[in-house]
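Counting starts at 1 for both ligands and their atoms, in listed order.
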Amino acid sequence: MPKPSSRISGIVPSGKDGWEVHSAAWARKEAGEDIIMLSVGDHDFDTSSQTIEACVTAVRGSNHHYTPLPGLPRLRKAMAAASSACTGVETTPDQVIATPGGQAALYAAIQAVLDQGDHAIVVAPYYATYPNTFSAAGADFTVVETPAEDGFQPRADMIRAALRPNTRAILINTPNNPTGAVYSRERLEQLAEVCREHDLWLLSDEVYWTLGGGEHVSPRSLPGMAERTLVINSMSKSHGMTGWRMGWLTGPEAMITLLTNLNLVTTYGLPAFISIACAEALENRYGVKEIAERYAARRTVLLDAVRGMNNVNVRGSEGGMFVMLDISAFEPDDEKFAWALLDKENVAVMPGSSFGEAAAGHIRISLCQPELVLQEAALRLRRFASSYRREAA
Ligand SMILES: Cc1ncc(COP(=O)(O)O)c(C=O)c1O
């Protein structure tokens, strides 16, 4: 074939991507082995039946045509109401744009604020697609870690130290994937100060906002921040709708108008029947409370089961769909630990270092399994940890 563009070739550089343990576990599970998969963040249950019915009704009702580029008016109204609740800032439909999932919202946000060669700061540990989404924009970025011993909370002094003259944006995620940390108001206020002082955009990924423990603080609500914050939202996690591909961006109206031009050349609008079902699900919060309660219960079950384990420390793990365990006391090499756990106990987890240096010496455990499975996984982890120490001794 003729040479592909360097832009497309540069999105995912070849080589190791951190998902090796997961891929091997998946292959073994597909081959019939009894593997407990705790390595991915996709629900183990279906979308709410009310949303499914709304979609069936919509598809039978001739909703088979193009939709407006920024989203159906009813959908934008529902998204604006959800954004008002999520961010604590009264939001109008003109301040939101529908995208096919949170990932497309991330892509649009990065395209919207960074030119080729511009610089951004990515607060780590981060969701695995972040670096590649910057690469897709030809933008440069610096990873600023959040120390594990600080509960993976962002530190303004560390972010300040990474600023460059061409820094245009900071990307954060709270509640966080992979750590489960919920950023505190105080740390977000300090971060907001940096953004105001240096006239930066803040890209705030809040796709797990309904799964947080305690108060969700959106930096958009902080003084002077609504004009410089783009919030990434999604129905994937809150409404159990990963496969429906529905997300949205919230930001200043002028930026949303510009982003509509991006939809002109990318999505050209979203499917009508999906949009109608999503609007109804947002209006009625279908599944939201049940899903939040389910993850809160699972988090409690897993944390209770591991808290008694010697040499395993819980870090972050306040919200979202993941728990982060510090296993460095008996094995600093988290990848080695994850491989051995898979080989000896058939439990697949993600090595923390897949998500950045700050999470090295940790493992990320997904809560996307029923409580009984999580309990069984904790038992296997306990057995593994004690024999691991014996072998090491
Ligand atoms: C932090 C974070 N942001 C964004 C996404 C993208 O989700 P989606 O594209 O399904 O909305 C994910 C998915 O796991 C995530 O963990």
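- The protein non-hydrogen atom at the shortest distance from atom 9 (O) of ligand 1 is R245 NH2, 2.7 Å.
- Looking at R380 and D34, a side-chain N of the basic residue comes within less than 4.0 Å of a carboxylate O on the acidic one, giving a salt bridge.
- The atoms of ligand 1 that sit less than 4.0 Å from any heavy atom of S236 are 8 (P), 10 (O), 11 (O).
- Looking at ligand 1, you won't find any N or O of N173 less than 3.5 Å from one of its N or O atoms.
- Among protein heavy atoms, atom 5 (C) of ligand 1 sits closest to Y127 CE2, 3.4 Å.
- Looking at atom 4 (C) of ligand 1, its nearest protein heavy atom turns out to be D205 OD2, 3.5 Å.
- Heavy atoms of Y208 come nearer than 4.0 angstrom to ligand 1 in at least one pair.
- Defined by atom type and a distance below 3.5 Å, a donor-acceptor pair is missing between the side-chain atoms of Y126 and N176.
- In this structure, Y66 has its ring center under 6.0 Å from that of Y268.
- Within ligand 1, the atoms closer than 4.0 Å to a non-hydrogen atom of Q103 are 6 (C), 8 (P), 9 (O), numbered from 1 in the order shown.
- Here the shortest heavy-atom distance to atom 13 (C) of ligand 1, taken over K237, M235, E206, belongs to K237.
- Within a 6.0 Å sphere centred on CD of E357, other residues, nucleotides and ligands contribute 12 heavy atoms or fewer.
- Per-residue contacts place S234 under 4.0 angstrom from the following atoms of ligand 1 (heavy atoms of the residue considered): 8 (P), 11 (O).
- A heavy-atom separation below 4.0 Å is found between V207 and ligand 1.
- Stacking of R315 on the aromatic ring of F152 is not recorded, the 6.0 Å distance cut-off and the 45° axial limit not both being met.
- Taking the ring centre of Y183 as origin, the terminal cationic atom of R187 falls outside the region bounded by 6.0 Å and 45° from the ring axis.
- Within the 3.5 Å criterion, the main-chain N or O of T229 finds no donor-acceptor partner in the side chain of R220.
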